[in-house]
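Data block below; observations after.
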Amino acid sequence: MDNDILKVLYSQNEIKEACERLGKQIQKEYEGKTPVVIGVLKGAVFFMADIVRAADTYMQMDFIDVSSYHGGTKSSGEVELVTDITLDVAGRDVLIIEDIVDTGQTLKFLMDTFANRGANSIKVCTLLDKPAGRLVEANSDFIGFEVPNEFVVGYGLDYDEKYRNLPYIGVLKPKIYSHN
Ligand code: IMP
């Protein structure tokens, strides 16, 4: 896989440090509370696993699967709910864990969904924020790194369901996806 990467954006160590920093912020934010922490499948799995272990606070965990990309590098704009959470978020403090916020459409969909279900508060922690890609307003409360407007893979992020298991985050060589 390494040969398909044009450049490394964030090393394993940089990601680890960011998770520890964000975990401590989350711990402070939810002191005395028990938030429902919701990881967005599949991209946020490694981030979710690392961040919850860096936050010494009570929490309940759940996962939601939504899709908008359908295997390409550009968002289709339509977000669909693939697999829902099992916990009830009415009256609860919700923390959404995202891998990356690009157009903002996925995040807006999730925030609207949990607001409609009566969540008491909704906050967002994203590993990566790509503000140049934004089409709708969707702001995160905790951000690992701000990334340039490039397609990135690794540490959960995929291209065509591949590269999620790269331990670092990098930019793919354009030749990998230019044939699409
Ligand atoms: P948005 O709805 O455009 O904000 O996109 C959010 C979702 O698109 C993320 O949860 C990712 O799964 C995917 N995505 C956006 N940008 C990238 C990227 O650079 N690499 C891999 N996946 C991406």
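Note that ligands are numbered from 1 as they come in the structure, with each ligand's atoms numbered from 1 the same way. When reading the values below, keep in mind they use all heavy atoms of this one structure, side chains included, and skip hydrogens, waters and symmetry mates.
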- Go through the side-chain N and O atoms of Tyr163 and Asp4 and say whether any donor and acceptor fall under 3.5 Å apart.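 Result is yes, a qualifying pair exists.
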- Side chain of Glu17, backbone of Glu14: donor and acceptor closer than 3.5 Å? no
- With heavy atoms and a 4.0 Å threshold, my read on which part of Leu157 contacts ligand 1 is side chain
Enumerate the atoms of ligand 1 whose separation from the nearest heavy atom of [X] is less than 4.0 angstrom.
X	answer
Lys130	16 (N), 18 (C), 19 (O)
Thr103	1 (P), 2 (O), 3 (O), 4 (O)
Glu150	19 (O)
Asp158	21 (C)
Glu98	10 (O)
Gly104	1 (P), 3 (O), 4 (O)

- Item | ligand 1 contact by Val153, heavy-atom criterion under 4.0 angstrom |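 Not so, Val153 does not reach ligand 1.
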- Quick one: does Val152 get a heavy atom under 4.0 Å from ligand 1? yes
- Query: Does the side chain to side chain contact (heavy atoms under 4.5 Å, CB included) test come out yes or no for Val82 and Val66, once each step is laid out?
  - Reply: CA-CA 5 Å; Val82 180; Val66 289; 5.6 Å; no
- Step-by-step side chain to side chain contact (heavy atoms under 4.5 Å, CB included) determination, Asp2 to Leu166: CA-CA 8 Å; Asp2 277 339; Leu166 269 183; 4.1 Å; yes
- Message: Taking distance alone, with N or O pairs closer than 3.5 Å, would you say Ser68 contacts ligand 1?
- Response: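 In fact, backbone or side chain, Ser68 has no N or O that close.
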- Parallel, tilted or perpendicular for Tyr10 and Phe145, by the 30°/60° rule?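 Parallel: the ring planes of Tyr10 and Phe145 meet at under 30°.
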- Message: For Lys28, is there an ion pair with Glu31 - N to carboxylate O distance below 4.0 angstrom?
- Response: no
- Item | Audit row: Cys19, Leu22, side chain to side chain contact (heavy atoms under 4.5 Å, CB included) steps and yes/no | CA-CA 5 Å; Cys19 289; Leu22 294 169; 5.9 Å; no
- Message: As a quick check of understanding, evaluate side chain to side chain contact (heavy atoms under 4.5 Å, CB included) for Asp141 and Cys125, giving each step before the final call.
- Response: CA-CA 6 Å; Asp141 302 277; Cys125 175; over 6 Å; no
- Task: Measure from atom 11 (C) of ligand 1 to every heavy atom in Leu172, Ile100, Asp129, Val40 and give the option owning the shortest one.
- Result: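 It is Ile100 whose heavy atom sits nearest to atom 11 (C) of ligand 1.
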